[in-house]
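A quick write-up on the structure given underneath.
Letters A, B, ... are given to chains in the order of the sequence lines, protein chains preceding strands, and every chain is numbered from 1.
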Amino acid sequence: MKQGNDFFNDVYDVVRQIPKGRATSYGAIAAYLGEKRGARVVGWAMGSSYNQKDLPAHRVVNKQGELTAARLFETPTTMQERLESEGVKVRNGKIQNWEQCFWDPEKELH
DNA sequence: GGGCTGACTAGGC
DNA sequence: AGCCTAGCCAGCC
């Protein structure tokens, strides 16, 4: 749920609720938080949260299902490996069945 | 306080 | 289809 204090906290909270084997986009999170044009802020918030070990950051990708943040993880393949270990099929840094894996917070969290 | 940056997106060429 | 530009907003010089 929203904390209302920090936008970061809202982002983190939404990301934590992403079910295993699913993924969402920055824009979807931004839209859910009421920041229709705040996709960059979401991504930036995520980038500033590499300390948040409990945060399944690998479940957040861009709108095309591409793992644009893969290079920021421990290794360039960590993000893909984590997704695949959860059942998400990734090919060349891109989620294959993206439409099926996509998790929309606006619909799921209502 | 002004300008730069970025894990984004949509639109134009 | 691929590259470029503009808009977006919060944090950090």
Side-chain angles (χ1 to χ4, degrees):
Chain A
M1 296 298 291
K2 287 178 155 186
Q3 302 297 319
N5 298 325
D6 297 320
F7 186 79
F8 286 12
N9 201 14
D10 293 342
V11 175
Y12 303 153
D13 202 48
V14 174
V15 174
R16 287 197 192 92
Q17 296 182 62
I18 301 174
K20 180 180 179 181
R22 304 291 290 280
T24 190
S25 71
Y26 309 96
I29 296 173
Y32 174 72
L33 296 177
E35 297 289 341
K36 230 173 181 179
R37 291 291 183 185
R40 298 199 80 177
V41 181
V42 174
W44 164 79
M46 296 296 295
S48 302
S49 71
Y50 55 88
N51 287 329
Q52 307 282 336
K53 297 178 182 176
D54 296 335
L55 202 65
H58 57 280
R59 292 179 189 155
V60 184
V61 297
N62 71 357
K63 191 124 197 186
Q64 301 176 24
E66 296 172 337
L67 282 56
T68 55
R71 64 185 186 85
L72 302 178
F73 279 70
E74 304 170 16
T75 73
T77 58
T78 301
M79 192 173 185
Q80 176 174 337
E81 290 174 358
R82 286 184 183 174
L83 284 171
E84 291 185 329
S85 68
E86 295 182 352
V88 179
K89 295 179 182 178
V90 180
R91 178 74 173 183
N92 293 331
K94 188 174 181 180
I95 296 176
Q96 295 199 316
N97 53 337
W98 172 230
E99 293 183 2
Q100 299 177 32
C101 290
F102 183 72
W103 181 81
D104 190 346
E106 289 189 287
K107 293 179 181 178
E108 305 295 339
L109 297 180
H110 190 246

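- Contacts of Gly47(A) with the nucleic acid, taken as non-hydrogen atoms under 4.0 Å apart, include base atoms.
- To the nearest 0.5 Å, atom CG of residue Asp104(A) and atom CD1 of residue Ile18(A) are 11.0 Å apart.
- You'll find the side chain of Val60(A) reaches within 4.5 Å of the side chain of Met46(A), heavy atoms only.
- Counting non-hydrogen atoms of neighbouring residues, nucleotides and ligands closer than 6.0 angstrom, the CZ atom of Arg16(A) exceeds 12 such neighbours.
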Check: protein-nucleotides 1-7 of chain C nitrogen or oxygen pairs below 3.5 Å:
| unit_1 | atom_1 | unit_2 | atom_2 | d |
| --- | --- | --- | --- | --- |
| dG7(C) | O6 | Arg40(A) | NH1 | 3.0 |

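- Of the candidate nucleotides dA10(C), dA7(B), dC8(B), dA10(C) has the atom nearest to the side chain of Val41(A).
- Within 4.0 Å of Ala30(A), counting heavy atoms only, lies no atom of the nucleic acid at all.
- Residues Leu67(A) and Leu83(A) have side chains in contact (heavy-atom distance under 4.5 Å, counting atoms from C-beta outward).
- Put simply, Val61(A) and Leu55(A) are part of two different groups of oily side chains (I, L, V, M, F, W, Y) that touch within less than 4.5 Å, one to the next.
- Against DNA chain B, the stretch residues 58-68 of chain A makes heavy-atom approaches under 4.0 Å through Val60(A), Asn62(A), Lys63(A), Thr68(A).
- Counting non-hydrogen atoms under 4.0 angstrom, Ser48(A) reaches nothing in the nucleic acid.
- The pairing partner recorded for dC8(B) is dG7(C), the criterion being a Watson-Crick or G-U wobble arrangement whose two distances lie under 3.5 angstrom.
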